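Here is the structure we will look at, set down as structure tokens.
Residue numbers start at 1 and run along the sequence shown. Everything numeric in this text was worked out from a predicted model, so none of it was measured.
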Amino acid sequence: MQPDEMVKAALSRLPGLEVFPLEGLKNAEAPFVFYLQAQGDEETALDGLTGLRSASFEINCVARSYGELKALANRVRPALQSLQGAELEGLSVQRAKVRQASPDLLEREVRLFRRMYILELDYQEE
């Protein structure tokens, strides 16, 4: 399993929530979440590679109202944090750090509210 698949699986377990890679589908019904992997590297030490990998994701929560956005974010953040310590199909997450990356936004063109999180995962492949 790849880290992005693990992120999608964690978010897909939330009832009534569509999860999309890269961007929300045109005409997708809010609320939904879309995610993109921003980077992925293997940690190095003085004597070479450590086997500990890191991946960074941008997670975007989208809702019809500000109240719905706050409720959605209150479900999404714990789902992402629950990845810490998770082991699934040869992937073991050592650390999952979630932080809000920007203020909440009103996307005026589509009249939807959006909150963006940055998820940083440190993991090992077995």
Side-chain angles (χ1 to χ4, degrees):
M1 175 170 275
Q2 295 298 312
D4 62 316
E5 295 170 311
M6 189 175 254
V7 169
K8 183 174 183 177
L11 294 171
S12 295
R13 286 192 288 271
L14 298 173
L17 184 63
E18 291 283 339
V19 180
F20 304 103
L22 304 178
E23 63 184 19
L25 291 180
K26 188 173 183 174
N27 300 322
E29 185 72 28
F32 62 86
V33 173
F34 67 93
Y35 65 93
L36 339 96
Q37 186 167 351
Q39 65 138 8
D41 297 326
E42 185 170 353
E43 298 291 322
T44 57
L46 293 175
D47 59 349
L49 298 174
T50 64
L52 183 65
R53 297 180 174 272
S54 64
S56 178
F57 296 87
E58 181 181 299
I59 312 290
N60 292 271
C61 303
V62 180
R64 293 175 292 240
S65 69
Y66 187 61
E68 185 179 65
L69 178 65
K70 291 191 310 185
L72 174 60
N74 286 338
R75 293 171 52 212
V76 166
R77 187 179 189 118
L80 296 173
Q81 290 170 327
S82 75
L83 289 170
Q84 184 162 315
E87 293 185 24
L88 192 60
E89 297 181 25
L91 197 84
S92 174
V93 177
Q94 307 300 309
R95 182 181 71 96
K97 180 180 176 184
V98 181
R99 64 181 170 83
Q100 188 169 337
S102 71
D104 295 337
L105 303 170
L106 170 59
E107 301 290 353
R108 296 184 189 279
E109 313 80 51
V110 291
R111 298 285 309 154
L112 294 173
F113 290 82
R114 180 169 63 94
R115 178 178 291 180
M116 181 176 35
Y117 289 118
I118 298 297
L119 168 65
E120 297 171 358
L121 293 179
D122 290 334
Y123 65 96
Q124 291 182 318
E125 294 175 321
E126 297 171 4

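Taking CG of Leu112 as the reference point, atom CG of Leu69 lies at 10.0 Å (rounded to 0.5 Å). To the nearest 0.5 Å, atom CG of residue Leu91 and atom CD of residue Glu5 are 9.5 Å apart. The distance from atom CZ of Phe32 to atom CG of Leu17, rounded to the nearest 0.5 Å, is 10.0 Å. Rounded to the nearest 0.5 angstrom, Gln81 CD and Tyr117 OH are separated by 8.5 Å. The line from CZ of Arg75 to NZ of Lys70 is 16.0 Å long, rounded to the nearest 0.5 Å. Here the CZ-CG distance, from Arg114 to Leu72, works out to 13.0 Å after rounding to the nearest 0.5 Å.
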Using the rule given for side chain to side chain contact (heavy atoms under 4.5 Å, CB included), can you reason through Leu83 versus Met6, listing the C-alpha separation, both sets of side-chain angles and the distance that settles it, and then say yes or no? CA-CA 8 Å; Leu83 289 170; Met6 189 175 254; 3.6 Å; yes

Audit row: Ile118, Val98, side chain to side chain contact (heavy atoms under 4.5 Å, CB included) steps and yes/no: CA-CA 6 Å; Ile118 298 297; Val98 181; over 6 Å; no

Set out, in order, the CA-CA distance, both residues' side-chain angles and the distance that settles side chain to side chain contact (heavy atoms under 4.5 Å, CB included) for Asp4 and Leu36, then state yes or no. CA-CA 8 Å; Asp4 62 316; Leu36 339 96; over 6 Å; no

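Residues Glu125 and Gln2 form a side-chain contact, since some pair of their non-hydrogen atoms from C-beta on lies under 4.5 Å apart. Side-chain contact between Glu18 and Glu29 is absent, with no heavy-atom pair separated by less than 4.5 Å. Proximity of Leu52 to Gln94: side-chain heavy atoms (C-beta onward) are separated by under 4.5 Å at one or more points. With contacts defined as side-chain heavy-atom distances shorter than 4.5 Å, the pair Arg111/Leu106 qualifies. The side-chain heavy atoms of Val93 and Asp122, taken from C-beta on, include no pair separated by under 4.5 Å. Side-chain contact between Met116 and Glu58 is present, with at least one heavy-atom pair separated by less than 4.5 Å. In this structure, Val19 and Phe34 have side chains that are not in contact, with every pair of non-hydrogen atoms separated by 4.5 Å or more. Counting only heavy atoms from C-beta outward, the side chains of Glu120 and Arg95 approach each other to under 4.5 Å.
Contacts of Glu68 classified as side chain to side chain donor-acceptor pair (under 3.5 Å), with partners at least two apart in sequence or in another chain: Arg64. Partners of Ser65 under the side chain to side chain donor-acceptor pair (under 3.5 Å) rule, at least two apart in sequence or in another chain, do not exist in this structure.
Between the Gln100 side chain and the Ser102 main chain, a donor and an acceptor come within less than 3.5 Å of each other. Side chain of Ser82 to backbone of Ala79: a donor-acceptor contact under 3.5 angstrom is found.
The aromatic rings of Tyr66 and Phe113 sit tilted relative to each other, their planes meeting at an angle between 30° and 60°.
Of the candidates Ile59, Asn60, Leu80, Tyr35 forms a side chain to side chain contact (heavy atoms under 4.5 Å, CB included) with just one, namely Ile59.
Residues Leu105 and Phe20 fall into different hydrophobic clusters, defined by Ile, Leu, Val, Met, Phe, Trp and Tyr side chains chained together at heavy-atom separations under 4.5 Å.
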